[in-house]
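Worksheet: one structure, shown below.
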Amino acid sequence: MATLILTFLFLLATKLPSSLAGHCTTTTATKSFEKCISLPTQQASIAWTYHPHNATLDLCFFGTFISPSGWVGWGINPDSPAQMTGSRVFIAFPDPNSGQLILLPYVLDSSVKLQKGPLLSRPLDLVRLSSSSASLYGGKMATIRNGASVQIYASVKLSSNNTKIHHVWNRGLYVQGYSPTIHPTTSIDLSSFSTFDVASGFATVNRNSGSRALKVTHGVINAVAWGFLLPAGAVTARYLRQMQSIGPTWFYIHAAIQLTGFLLGTIGFSIGIVLGHNSPGVTYGLHRSLGIATFTAAALQTLALLFRPKTTNKFRRYWKSYHHFVGYACVVMGVVNVFQGFEVLREGRSYAKLGYCLCLSTLVGVCVAMEVNSWVVFCRKAKEEKMKRDGLTGDDRCSGSHS
């Protein structure tokens with residue numbers, strides 16, 4: 001069953017890149033370009049023509065709206081290849097008065113990141129701009145809606161000795177007046193930047209996009225460890241111990257499964273710490289809190305084995321109560337956090353999640369069947385003991401009358 005989980009979850013690794021990247025084209029309704037590349041996030045792409053004789057770049061950015069009142073932006077960061085602060089951008093959004101699509105320039109300085117005030121349009125200073133415009137895919141009949149495609153055109157003068165540009169792109173839900181509000185802060189939205197060479201077309205993948213395989217590995221290991229092995233270990237402890245024929249073997253099976261799950265979970269937890277360190281500003285509060293709580297509870301469970309009292313010790317029952325409570329809490333938090341992980345990776349409707357749900361429901365079905373069987377055995381034994389007591393009482397009465 002664990003193999004089935006791995007199979008379904010590895011589908012996630014092959015499916016994610018195609019769902020996040022766009023398909024590029026060199027032709028629009030009004031212009032053709034020489035080269036294009038698909039960008040790694042938000043299904044965006046960019047096409048361009050570079051004129052080396054005068055170091056001029058004609059380009060078109062392709063993006064999509066996520067709200068009828070939202071915005072889509074693209075720009076160049078002349079200083080840093082890995083951040084939006086300092087970028088000179090063009091942002092397209094519906095005019096609050098006429099409703100028509102407009103394109104305005106903005107400078108993303110440090111005050112914008114700290115949200116000290118509204119983002120106000122101002123001329124670009126470090127980017128030499130020849131022209132800029134924006135249009136919706138579909139022509140004049142197109143409307144701004146969720147999923148509507150927009151094309152941002154620009155002609156930029158580059159330095160003659162530098163053909164690499166650091167560009168950024170993003171989209172948001174609302175515009176207050178002529179001030180776009182902050183964009184969503186998921187890992188995908190915070191990874192919308194890259195560097196490409198306008199002469200060769202070679203693009204440098206940013207660090208957050210390159211960590212996709214690490215995120216999938218983190219999810220697979222934790223799903224197997226916290227989401228399957230720990231619940232399976234709890235099932236063995238609850239039901240195998242009732243089988244007198246196997247003796248104390250149930251304990252070694254239970255301990256082996258739980259220790260394996262804890263070791264794998266430790267690896268997955270460590271990968272999560274690395275991912276958090278490599279993604280400053282990206283915070284998944286609930287997912288992180290549940291992960292820390294689950295790992296802490298599992299560590300306490302493991303350490304509790306070192307202080308396990310003997311069966312004759314008067315503190316044994318208190319230890320058992322603690323062990324059961326912390327163990328079941330760890331199982332519940334682990335399973336819930338696996339589902340949180342699917343939401344973080346935006347795989348809430350994926351086959352990977354379906355495969356995990358099937359495995360988990362199979363385990364729950366086994367629990368229900370064994371629980372019913374346990375109660376049947378318990379009731380049968382209780383009935384037999386009652387019949388024995390009644391029979392013994394009847395024999396005592398007959399013996400007394402005879403005397």
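In what follows, every heavy atom counts, from backbone to side chain, and hydrogens, waters and symmetry copies are set aside. Keep in mind that this is a model prediction, so the values were computed, not measured.
- Ring centroids of Phe339 and Tyr356 are separated by less than 6.0 Å, placing the two rings close together.
- Annotation for Gly201 and Lys35: closest pair N-NZ, 4.2 Å, computed over non-hydrogen atoms.
- Between Ser194 and His167, the closest side-chain pair of non-hydrogen atoms falls below 4.5 Å.
- Note: Tyr106 OH to Leu120 CG = 8.0 Å, rounded to the nearest 0.5 Å.
- Rounding to the nearest 0.5 angstrom, the gap separating the OG1 atom in Thr49 from the CZ atom in Phe33 is 6.0 Å.
- Residue Tyr322 qualifies as enclosed at atom OH: its count of foreign heavy atoms under 6.0 Å is above 12.
- If you take CD1 on Ile144 and CZ on Phe65, they are separated by 4.5 Å, rounding to the nearest 0.5 Å.
- With hydrogens and angles disregarded, a donor-acceptor distance shorter than 3.5 Å links the side chain of His254 to the backbone of Gly233.
- Side chain of Thr85 to backbone of Asp109: no donor-acceptor contact under 3.5 angstrom is found.
- Nearest approach of Ser67 to Leu173, heavy atoms of both residues: OG-O, 3.0 Å.
- When all heavy atoms of Pro248 and Tyr252 are compared, the pair lying nearest together is O-CD1, 3.3 Å.
- Using a 4.5 Å heavy-atom cutoff, the side chains of Val72 and Gln42 are not in contact.
- Put simply, the side chain of Asn222 gets close to the backbone of His218: a donor and an acceptor are under 3.5 Å apart.
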In sequence, state the C-alpha distance, the side-chain angles, and the governing distance for Cys367 and Tyr239, and then conclude on side-chain contact (heavy atoms from CB on, under 4.5 Å).
CA-CA 8 Å; Cys367 291; Tyr239 299 109; 4.3 Å; yes

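- A 4.5 Å side-chain heavy-atom check between Glu34 and Tyr50 finds every atom pair outside the cut-off.
- In this structure a side-chain-to-backbone donor-acceptor pair under 3.5 Å is present from Ser200 to Phe202.
- Within the 3.5 Å criterion, the main-chain N or O of Thr181 finds a donor-acceptor partner in the side chain of Trp71.
- Remark: the backbone N or O of Cys24 is paired with a side-chain donor or acceptor of Ser38 at under 3.5 angstrom.
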Kindly indicate, with the supporting measurements, whether the criterion side-chain contact (heavy atoms from CB on, under 4.5 Å) is fulfilled by Ile292 and Phe269.
CA-CA 8 Å; Ile292 294 173; Phe269 183 77; 4.2 Å; yes

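- If you check the side chains of Tyr153 and Gln151, you find a donor sitting under 3.5 Å from an acceptor.
- Scanning both residues, Leu363 and Ala232, for their nearest heavy atoms gives CD2-N, 3.9 Å.
- Rounded to the nearest 0.5 Å, atoms CZ (Arg88) and CG (Leu108) are 8.5 Å apart.
- Remark: side-chain polar atoms of Trp226 are not paired, donor with acceptor, to backbone N or O of Gly291 under 3.5 angstrom.
- Within the 4.5 Å cutoff, no side-chain heavy atoms of Leu39 are placed close to those of Phe62.
- Contact of the Trp74 side chain with the Leu59 side chain is registered, since non-hydrogen atoms from C-beta on lie closer than 4.5 Å.
- In terms of heavy-atom proximity, Ser192 sits nearest to Thr41 at OG-OG1, 2.9 Å.
- Other residues, nucleotides and ligands contribute at most 12 non-hydrogen atoms within 6.0 Å of the CD atom of Gln176.
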Are His323 and Gln301 close enough, and set up right, to give a side-chain contact (heavy atoms from CB on, under 4.5 Å), and what steps lead you there?
CA-CA 7 Å; His323 188 67; Gln301 282 288 79; 3.2 Å; yes

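- Between the side chain of Ser289 and the backbone N or O of Leu286, no donor-acceptor pair lies under 3.5 Å.
- Side chains of Asn77 and Phe193 form no contact here, defined as non-hydrogen atoms less than 4.5 Å apart.
- Counting only heavy atoms from C-beta outward, the side chains of Leu360 and Phe228 never approach each other to under 4.5 Å.
- Counting heavy atoms from C-beta outward, Thr260 and Ile257 have side chains that stay 4.5 Å or more apart.
- Between the side chains of Tyr318 and Asn313, no donor-acceptor pair is found at a separation under 3.5 Å.
- For the atom pair Ile76 CD1 and Ile165 CD1, the distance stands at 4.5 Å (nearest 0.5 Å).
- Of the possible donor and acceptor atoms, none in the side chain of Asn170 sits under 3.5 Å from a partner among the backbone N and O of Gly73.
- Proximity of a side-chain donor or acceptor of Thr27 to a complementary backbone N or O of Ser32 within less than 3.5 Å is not detected.
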Run the side-chain contact (heavy atoms from CB on, under 4.5 Å) test on Asn97 and Tyr178 for me, step by step, so that the C-alpha distance in whole Å, both residues' side-chain angles and the decisive distance to 0.1 Å come before the verdict.
CA-CA 10 Å; Asn97 297 320; Tyr178 291 90; 3.1 Å; yes

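- For the residue pair Ala154 and Phe90, the shortest heavy atom distance occurs at CB-CE1, 4.2 Å.
- Between the CD1 atom in Ile267 and the CZ atom in Phe262 there is a gap of 11.0 Å [rounded to 0.5 Å].
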